[in-house]
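So that the names make sense, note that chain A is the first sequence line, chain B the second, and so on, each numbered from 1. These numbers come from the heavy atoms of this one structure, side chains and all, not from hydrogens, waters or symmetry mates.
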Number of protein chains: 2
Amino acid sequence: MVTIADVARHAGVAPSTVSYALTGRRSISQATKARVEASVRALGYHPHAGARSLASNRANVLALVLPMREGMHMPVMMQFVVAVASAARRHEHDVLLVTADQGAAGLRRVAGSAQVDGLLVMDVEMHDERVPVLRELDRPSVLIGFPADAARLTCVDLDFAEAGARCVDHLADLGHTSVALIGAPRAVYQRDTGYAHRTMAGFSAAAMRRGVSSTTVPTDADHESVHRTVSGLLERHPQLTGLVVHNEAALGSVVEVLRVLGRRVPDDMALVAICPDDQAERLNPALTSVHVPAEQLGHHAVALLMAKLNRAPTPALTLLPPRLTDRDSTRSRA
Amino acid sequence: MVTIADVARHAGVAPSTVSYALTGRRSISQATKARVEASVRALGYHPHAGARSLASNRANVLALVLPMREGMHMPVMMQFVVAVASAARRHEHDVLLVTADQGAAGLRRVAGSAQVDGLLVMDVEMHDERVPVLRELDRPSVLIGFPADAARLTCVDLDFAEAGARCVDHLADLGHTSVALIGAPRAVYQRDTGYAHRTMAGFSAAAMRRGVSSTTVPTDADHESVHRTVSGLLERHPQLTGLVVHNEAALGSVVEVLRVLGRRVPDDMALVAICPDDQAERLNPALTSVHVPAEQLGHHAVALLMAKLNRAPTPALTLLPPRLTDRDSTRSRA
DNA sequence: TGGGTGAATCGAACCGTTTCGATTCGTCGA
DNA sequence: TCGACGAATCGAAACGGTTCGATTCACCCA
């Protein structure tokens with residue numbers, strides 16, 4: 001292994017000078033710096049990460065705690081993971097995966113062993129056993145999602161309440177007077193996941209405000225469940241003309257079931273989805289949708305964590321504003 | 001921070017004894033071991049990962065190089081990633097993410113800085129710039145997929161050629177005499193991705209062997225492309241009665257397009273998919289399919305890498321045998 | 001009884017970097 | 001001309017583990 005001593009010898013300086021030349025923590029003359037950099041390239045030097053973390057008390061690694069519960073939409077997660085990894089690299093950090101099944105002990109382990117400088121936790125539930133642990137850890141963290149008690153924590157998420165409201169507003173503006181929300185699987189609501197509840201709350205409140213009658217119903221993503229959900233919904237609410245779907249995995253089946261049941265989109269039934277833009281565009285017809293900005297969320301979460309690591313002031317709560325794009329699944333009611 | 005010296009003092013032994021008690025690299029009396037473990041718990045001791053890696057020359061971390069190219073199916077990737085992370089934990093290792101956009105330099109960086117003990121590389125192409133780098137690295141690696149030249153490398157993948165063949169055999173056994181393969185997006189073939197080519201080759205060879213006429217055609221996953229692909233296929237090959245689909249993202253649209261075009265599945269058109277079982281089961285009708293065992297692949301890849309780390313003999317090439325499950329999208333032709 | 005043996009434990013060196021005071025040297029102002 | 005000053009660099013002490021040779025001690029057998 002090439003060490004900093006080798007580089008120092010090759011460049012004719014002291015090891016500490018090499019360190020300062022590379023980290024920039026003290027001023028080094030241009031000439032020396034250039035010489036050191038040349039030696040680094042000539043020898044193929046890479047600082048030993050362990051030694052560096054031992055001496056500097058910084059690992060340059062962020063932990064990313066994965067969700068593991070059912071009902072999560074994999075493509076959105078994966079987009080988020082990739083966004084986090086590349087954002088971290090832009091800040092000279094790497095990303096260590098922690099699976100959710102390790103629970104709070106996993107957080108203690110990676111933080112306690114100084115393996116990571118900070119933590120990013122996905123899929124936080126309202127009452128999450130990890131939240132108190134994060135609070136007592138000596139390392140900063142950023143949560144994606146909101147627990148019931150967010151005191152002394154930094155959280156970021158899409159403003160799902162506003163997203164639900166925007167869907168209702170869009171439909172109401174088009175003249176609809178009876179709308180329904182098809183949401184996440186029942187299991188997601190039962191385990192008290194914030195985003196699902198918040199969408200529902202925003203949806204219902206907006207309907208109330210606009211004087212539109214509304215219902216909400218959960219659904220599993222398999223075809224049969226979707227069929228049961230949608231046909232049941234249409235039976236109980238024959239006057240229904242607008243549907244909001246907040247369930248990426250069920251989206252395709254919803255469109256298909258409507259067709260099978262003889263409801264044309266958008267003529268007989270308007271449809272608004274809450275899902276990533278590329279998914280909305282891929283379906284037929286292309287769906288009017290509120291974008292779920294997984295990539296932006298990932299970048300933002302990393303930016304917040306880096307700010308905390310640099311002891312910069314950080315907003316406790318960040319809600320990204322939803323963006324609704326009008327496509328072919330909604331149209332003004334003549 | 002609690003150090004090994006603190007634990008040693010608390011337990012009334014030397015630091016080295018604590019180390020041996022915890023790592024088990026030398027025999028320690030039951031009594032002492034128990035005392036040390038009690039002190040560890042009492043003080044909440046976690047060994048400093050950097051110090052450990054510096055002293056022992058082992059980081060207990062594996063690199064996982066993510067794919068970033070279009071046409072990859074996110075759910076399968078994510079399943080694989082999670083499987084790798086949890087398998088690694090079972091071997092006392094963590095997983096560090098490396099995004100593919102960092103290219104060969106990323107591999108050099110994480111290996112050269114001793115940040116990881118070994119590397120797992122997903123989505124390897126036939127002619128991949130990373131392959132020669134992996135060969136010259138001083139750390140073991142396992143590839144998911146096969147490059148054109150796999151000499152001195154360890155590779156693991158599903159036996160896609162056999163998977164393609166099994167689909168043909170199943171259809172031929174049911175009496176079909178004209179079949180087609182709807183494959184990955186054209187871009188995937190153009191960048192010379194092994195698995196797509198191998199499925200195609202296995203499919204064509206089996207058709208030849210069984211005396212069945214066959215075609216293969218790529219498709220993008222958006223609804224319009226699928227419509228174009230499928231209707232074009234049916235026009236050019238009116239006698240077609242069996243379809244194999246190796247494109248997870250397009251699967252839903254294929255089923256829907258067939259319905260729109262008035263072909264009932266399985267009565268007018270038999271359908272076999274190559275995709276994860278849960279996806280095949282979720283569609284309507286439930287699809288006969290060859291399972292893509294992302295989870296099993298992840299576990300296997302980690303097992304191979306751990307074997308290499310332990311200097312155990314390791315097979316150069318591992319092809320997991322495909323498993324075809326008969327469901328409702330195929331049926332014997334009366 | 002004394003030397004040999006093996007299990008259990010100790011002590012110190014070492015891993016490769018960062019960091020903090022100390023040192024050198026050229027420059028400037030009095 | 002001398003002292004002060006600041007920029008550039010050096011030297012050595014951490015950082016917290018692991019590992020290897022040495023040591024202790026109880027026990028056994030000749």
### Task
Anything under 4.0 Å to a heavy atom of chain B counts; send over the first and last such nucleotide of DNA chain C, read 5' to 3'.
C:dA8 to C:dG16
### Summary
Numerically ordered, the residues 48-56 of chain B set in heavy-atom contact under 4.0 Å with DNA chain D is B:His48, B:Ala51, B:Arg52, B:Leu54, B:Ala55, B:Ser56
### Query
For B:Val188, does its backbone N or O pair with a side-chain atom of B:Thr193 as donor and acceptor, under 3.5 Å?
yes
### Query
How sharply is the helix from C:dT1-D:dA30 to C:dA30-D:dT1 bent, taking the axes over five pairs at either end and rounding to 10 degrees?
50°
### Query
Short question: side chain of B:Lys308, backbone of B:Ser141 - any donor-acceptor pair under 3.5 Å?
yes
### Message
Run the side chain to side chain contact (heavy atoms under 4.5 Å, CB included) test against A:His300 and tell me which residues pass, sequence neighbours left out.
### Response
A:Val156, A:Leu304, A:Thr318, A:Leu320
### Task
In whole angstrom, give the distance that lies between atom CG of A:Asn57 and atom C1' of D:dA14.
12 Å
### side-chain contact (heavy atoms from CB on, under 4.5 Å) partner of B:Leu64, the single match among B:Val302, B:Val116, B:Leu120
B:Leu120
### Query
In chain order, what residues pass the salt bridge (charged side-chain N to carboxylate O under 4.0 Å, His left out) check against B:Asp157, with sequence neighbours excluded?
B:Arg198
## Note on the structure
B:Ile4 CD1 to D:dT19 P, in whole Å, measures 11 Å
### Pair listing, salt bridge (Lys or Arg N to Asp or Glu O under 4.0 Å) test, anchored in residues 136-145 of chain A, at least two apart
A:Arg108-A:Glu136
### Task
Look at A:Arg109 together with B:Asp94 and state whether they make a salt bridge at an N to O cut-off of under 4.0 Å.
yes
Could you tabulate the donor-acceptor pairs under 3.5 Å formed by side-chain atoms of residues 55-63 of chain A, not counting sequence neighbours?
{"from": "A:Ser56", "atom 1": "OG", "to": "A:Arg52", "atom 2": "O", "distance (Å)": "2.7"}
{"from": "A:Ser56", "atom 1": "OG", "to": "A:Arg58", "atom 2": "N", "distance (Å)": "3.3"}
{"from": "A:Ser56", "atom 1": "OG", "to": "A:Arg58", "atom 2": "O", "distance (Å)": "3.4"}

Acceptor/donor pairs from residues 32-40 of chain A side chains to any protein atom, 3.5 angstrom cut, sequence neighbours excluded:
{"from": "A:Thr32", "atom 1": "OG1", "to": "A:Ser29", "atom 2": "OG", "distance (Å)": "2.8"}
{"from": "A:Arg35", "atom 1": "NH1", "to": "A:Ala11", "atom 2": "O", "distance (Å)": "2.5"}
{"from": "A:Ser39", "atom 1": "OG", "to": "A:His10", "atom 2": "ND1", "distance (Å)": "2.8"}
{"from": "A:Ser39", "atom 1": "OG", "to": "A:Arg35", "atom 2": "O", "distance (Å)": "3.1"}

### Query
Mind checking what makes ring-ring contact (aromatic ring centres under 6.0 Å, His included) contact with B:Phe160, not counting sequence neighbours?
B:Tyr195, B:His246
Under 3.5 Å, side-chain donor or acceptor atoms of residues 19-26 of chain A against the rest of the protein: list the pairs with distances, not counting sequence neighbours.
{"from": "A:Thr23", "atom 1": "OG1", "to": "A:Ser19", "atom 2": "O", "distance (Å)": "2.9"}
{"from": "A:Thr23", "atom 1": "OG1", "to": "A:Arg25", "atom 2": "N", "distance (Å)": "3.4"}

### Query
Between residues 10-29 of chain A and DNA chain C, which residues have a heavy-atom gap below 4.0 Å?
A:Ser16, A:Ser19, A:Tyr20, A:Thr23, A:Arg25, A:Arg26
### Message
Nearest heavy atom decides the nucleotide; on that basis, is B:Lys33 or A:Thr3 closer to the 5' end of DNA chain C?
### Response
B:Lys33
Please report, to 0.1 Å, the donor-acceptor pairs under 3.5 Å made by any side chain of residues 143-151 of chain B, with sequence neighbours excluded.
{"from": "B:Asp149", "atom 1": "OD1", "to": "B:Ala151", "atom 2": "N", "distance (Å)": "3.0"}

### Backbone of B:Ala307 reached by a side-chain donor or acceptor of B:Asn310 within 3.5 Å
no
